[in-house]
Amino acid sequence: MAMKQFYKRSFAVLLCFWWFPGFSQAPSFTILNSDSNSVPGAVLIFKALDYNAIKHQEIYFTDENGFVTNNLSAASLLIIHCFGYNDFSDTVDAGKSYTFHLEREEMILQEVVVTGQYDINTSDKSLYNVKVVDAKTIQLMAAQNLSDVLRNQIAVRLSQDNLLGSSAQIDGIAGQNVKILVDGIPVIGRENGTIDLSQINMNNVERIEVIEGPMSVSYGTDALGGLINIVTKKSSSFPAEADLHLYYGTEGTYNGDGILFWKKSKHSFSLSGGRYFFDGFSTVDTSRYLQWKPKRQYFGAFNYNFSGKLISIGAKTEYFNEEIQNKGQPVLTPYQAYAFDDYYYTRRMNQALFIEWRLKNNAKLQLTNGYNNYHRIKNTFRKDLETLDQELSSGEGSQDTSVFDEWTLRGTYSSVLPSRKINFQGGYDLNLQAGNSNNLTQGIQHLNDYAAFGSLEYQVIKKFYVRPGLRVAYNTRYGAPFTPSVNTKIDFSDRFTLRTAYAKGFRSPSLKELDLEFLDVNHNIHGNDSLKAETSDNFNITLTAKHKAASYDLKAEISLYYNNISNIITLALVNPITQYYTYINVEQYKTRGATFSAQFKMKNIFLATGFSLLGLYNPFSDSFTIDKFSLTPEFQGSVIWINSKWNAEAGLFFKNTGDTPGFSVDNQGNIYQTMLDSYSILDATVSKSFCKKHIALSAGVKNIFDITNLETTASGTSFHNEDGNSVPYAIGRFAFASLQLKLFKE
């Protein structure tokens, strides 16, 4: 009987212990948002109040239920950090369970950015001055490619070649000095030093991040003038989604693309593709020869992503195929009629693998590995205009095949603890290039760059950050340059932020600049294997002011910059008689300027405006008795109106660029000053959704002021622009309409 009573009492004691959490269960921490929904992936940092504790600091991550268990040995300071929410801190006791609610961070005027960051961040917290164009704005612009998007951005200027496409200039620096990335992988395939922006389509783009000034420390060569990173959409917020987009422009554009998303548990997939077609345009109808060449593009992409608690893996493959037709002017004789037609075929194949591993101390390891293949073929045919037979031309330079490959192997280790005064990032960056072309001397050429880089972010005092950085590289042709940088950020209050930056830039000559031999009836261009590498010094200071009221948000920004490039590489005419062109180093090239921008947002309306003044250095100012810098103004403005009740949106986008001075060389080798006329671009769009946003119709007018060619005093500005008194800029005024169908499973 006594033994039976003992068992009963023991069972009762054990039952009490089981029900009493202080003994039978580890203390738990549940993190919820203001809607009482779980917050997964939050970082919980426990700092023991007793500095003699064995474990002074411990770090945990919430699971998909916002849950963490922790056996605290002493009272601690708890810091909770999660992107998209305000940081939270409180004192917690050992042996107790807690539930905390996080408040969402106000991000109305703050864009999410990843370029150059230690961790995903918002633009207001970045030490770099990052401009973001989101998917909603891209859609309302009815932008079909990157050129359409950048045309409306302040301090970004475009130029156009009717065969090589459009290119961008940032703060007066253009061509090979502006690096373009897609998800952090460089885009290769430069023609005449530039990437054709019209080859980068917007069908699956989530946002575009633009950083002005050198990013050579983090991203190496070609990032001397600035950086453009296109971030693609990897998944949908729905378990399954299918989108179809059709676009028609009266200037002769017929586009169609689609994308599929599917998500299950921790896995997500996307498949996208499309066909874009442009049937050519000329201001004067010549029936055969067209100033703006007919163009056909096919493209597709596949993405796979795995998202675990501490690790995420992404893989993608992309394909792009373009054909451009350049039909020549008819040649008529008493006995025959014929023409020479050029066909340009471009193919890009890109593969990438991304791995992101968040370690227990909240450090982050990122691996980015990419392989890009660029294939361009030029075929020239002699076409009989009577029989319509054609045969390959045997003339010098009539046929060419160029193949370029590049491996990008990049890894970073970042310390991103919000509670530390010092965080840092270190990494490696390998770029291995190979090129083979009929126009390159000595067959296959190689140019490799091996680099290590690092930076640390030091919080001097509260809201004052300094980030020095250094890149050490070895270039197989240009030795081991050192490129330092230093960035600072001071938050004087919640309203005012001051950013300053100094960066050293470096760019090695490209394979074409070194080894090109391009000879045909229109070209006599030669590379120069004696070229020096470009170096630069860049200074930038930006003051940002913000004001938030109950019914509106206001943000204004003023930025000053100065660029000084030594040994800048340019194509120059060295023998006017034989029209012999080669690449040379120019001793100095400088730009300086100022940019002012402002954004105003209410519930249903968004206003943006900007003004910039670009100063271009005049190296021959003494000979022409003019100022050292010639100033060119630029004004930009946009209005976006949203009516949620009607599911309707409207946008107006305007940009004016003033007269642009410059210098050129005539056929006798004499230098003379040039001027490019001012111009204004205005686009208007309207969009409305139907059937619970499953259907969206958009329409509008682009280039309302009917800009086509810009008058210039320069002659022979481009090999492919025949009119010596003007250069092409845009296809005239045209209307467009688009239809978007969206199906999704909730």
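For Phe734, the ring-ring contact (aromatic ring centres under 6.0 Å, His included) criterion is met by no residue, not counting sequence neighbours. Under the rule for a salt bridge (charged side-chain N to carboxylate O under 4.0 Å, His left out), Arg347 has no partner lying at least two apart in sequence or in another chain.
Between Asp683 and the choices Arg733, Arg151, Lys702, the salt bridge (charged side-chain N to carboxylate O under 4.0 Å, His left out) rule is met once, by Arg151. The ring pair (Phe, Tyr, Trp, His ring centres under 6.0 Å) test with Phe299 is passed by exactly one of Tyr319, Phe320, Tyr276: Tyr276. With Val727 as reference, Leu676 is the one residue of Asn709, Leu676, Asp161 to meet the side chain to side chain contact (heavy atoms under 4.5 Å, CB included) rule.
When all heavy atoms of Ile208 and Met202 are compared, the closest pair comes out as CD1-SD, 3.8 Å. Taking all atoms of both residues into account, the shortest heavy-atom contact from Ser738 to Tyr247 is CB-CD1, 4.0 Å. Here the shortest heavy-atom pairing between Ser307 and Ser312 reads CA-CB, 4.3 Å. The minimum heavy-atom distance linking Lys512 with Tyr583 is given by the pair O-CE1, 4.1 Å. Between Met215 and Gly116, the closest heavy-atom pair is CE-CA, 4.3 Å. The shortest heavy-atom contact between Ile185 and Ala352 is CG1-CB, 4.2 Å.
The line from CG of Asn201 to CD of Gln144 is 8.5 Å long, rounded to the nearest 0.5 Å. Atom CZ of Phe404 is separated from atom CG of Leu447 by 11.0 Å, given to the nearest 0.5 angstrom. Note: Leu146 CG to Ser167 OG = 11.0 Å, rounded to the nearest 0.5 Å. Here the NZ atom belonging to Lys131 is positioned 7.0 Å from the CD1 atom belonging to Ile154, to the nearest 0.5 angstrom. Taking CG from Asn162 and CD1 from Ile324, the interatomic distance works out to 10.0 Å, rounded to the nearest 0.5 Å. Distance check, rounded to the nearest 0.5 Å: OG of Ser272 to CG of Leu260 gives 9.0 Å.
The aromatic rings of Phe705 and Phe654 stand perpendicular to each other, their planes meeting at an angle above 60°, with 30° marking the opposite boundary. Aromatic ring orientation, Tyr304 versus His267: parallel (interplanar angle below 30°, classes split at 30° and 60°).
The backbone N or O of Ser236 sits less than 3.5 Å from a side-chain atom of Lys263, completing a donor-acceptor pair. With hydrogens and angles disregarded, no donor-acceptor distance shorter than 3.5 Å links the side chain of Asp400 to the backbone of Ile377. Of the possible donor and acceptor atoms, none in the side chain of Lys327 sits under 3.5 Å from a partner among the backbone N and O of Gln325. Judged by distance alone, the side chain of Thr194 and the main-chain N or O of Glu191 form a donor-acceptor pair under 3.5 Å. Panel note: side chain Lys179, backbone Tyr219; a donor-acceptor pair is recorded below 3.5 Å. Side-chain N or O atoms of Lys693 include none that pairs as donor or acceptor with a backbone N or O of Phe690 at under 3.5 Å. Judged by distance alone, the side chain of Asp196 and the main-chain N or O of Ser166 form a donor-acceptor pair under 3.5 Å.
If you check the side chains of Arg348 and Gln199, you find a donor sitting under 3.5 Å from an acceptor. No donor-acceptor contact under 3.5 angstrom links the side chains of Thr380 and Ser398, judged on distance only. With hydrogens and angles left out, the side-chain atoms of Tyr371 and Asp405 include a donor and acceptor closer than 3.5 Å. There is a side-chain donor-acceptor pair under 3.5 Å between Gln351 and Thr317. Checking Ser402 against Arg376 by side-chain atom types alone, no donor-acceptor pair falls below 3.5 Å. With no hydrogens or angles considered, no side-chain donor-acceptor pair links Ser282 and Gln291 at under 3.5 Å. Side-chain atoms of Glu406 and Asn372 form no donor-acceptor pair, as typed in the model, at a separation below 3.5 Å. Between the side chains of Glu209 and Thr115, at least one donor N or O lies within less than 3.5 Å of an accepting N or O.
Lys136 has no carboxylate O lying under 4.0 Å from a charged side-chain N of Glu206, or vice versa, which leaves the two without a salt bridge. Using a 4.0 Å cut-off between a side-chain N of Lys or Arg and a carboxylate O of Asp or Glu, Arg410 and Asp429 qualify as a salt bridge. Here Asp183 pairs with Lys316 in a salt bridge; the nearest charged N to carboxylate O distance falls below 4.0 Å. A salt bridge links Asp341 with Arg288; the closest basic N to acidic carboxylate O contact falls under 4.0 Å. Ion pairing between a basic and an acidic side chain is recognised when a charged N comes within 4.0 Å of a carboxylate O; Glu323 and Lys295 show no such pairing. Contact check on Glu634 versus Lys655 returns a salt bridge, with a Lys/Arg side-chain nitrogen under 4.0 Å from an Asp/Glu carboxylate oxygen.
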Practice task
Could you go through the side chain to side chain contact (heavy atoms under 4.5 Å, CB included) check for Val231 and Val205 one step at a time?
Solution key: CA-CA 6 Å; Val231 181; Val205 172; over 6 Å; no

Practice task
Evaluate the side chain to side chain contact (heavy atoms under 4.5 Å, CB included) criterion for residues Leu392 and Phe381: first the C-alpha distance (whole Å), next the side-chain angles of each, then the deciding distance (0.1 Å), finally the verdict.
Solution key: CA-CA 4 Å; Leu392 287 172; Phe381 292 88; 3.4 Å; yes

Practice task
With side chain to side chain contact (heavy atoms under 4.5 Å, CB included) as the test, would you mind laying out the steps for Gln169 and Ile173 before giving the verdict?
Solution key: CA-CA 5 Å; Gln169 178 192 85; Ile173 302 176; 5.6 Å; no

Practice task
Could you give me the CA-CA distance, side-chain angles and deciding distance for Asp279 and Phe281, then say whether side chain to side chain contact (heavy atoms under 4.5 Å, CB included) is met?
Solution key: CA-CA 7 Å; Asp279 61 10; Phe281 172 83; over 6 Å; no

Problem - Chi angles and distances behind the side chain to side chain donor-acceptor pair (under 3.5 Å) call for Ser689, Asn647 - result: CA-CA 5 Å; Ser689 299; Asn647 287 325; 5.9 Å; no

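You'll find the side chain of Ile170 stays beyond 4.5 Å of the side chain of Ile211, heavy atoms only. For the pair Thr408/Thr368, no side-chain contact is recorded, criterion being any heavy-atom separation below 4.5 Å from C-beta on. Inter-residue side-chain proximity for Asn369 and Trp407 is flagged as unmet; no heavy-atom pair is nearer than 4.5 Å. Within the 4.5 Å cutoff, side-chain heavy atoms of Ile313 are placed close to those of Leu353. Here the side chains of Leu246 and Tyr254 are not in contact, with every heavy-atom distance at 4.5 Å or above. For the pair Asn703/Leu682, no side-chain contact is recorded, criterion being any heavy-atom separation below 4.5 Å from C-beta on. Residues Gln176 and Arg507 meet the side-chain proximity criterion, which asks for heavy atoms closer than 4.5 Å. The shortest distance between side-chain heavy atoms of Phe261 and Lys233 falls below 4.5 Å.
In this structure, His694 has its ring center closer than 6.0 angstrom to the ring center of Phe744.
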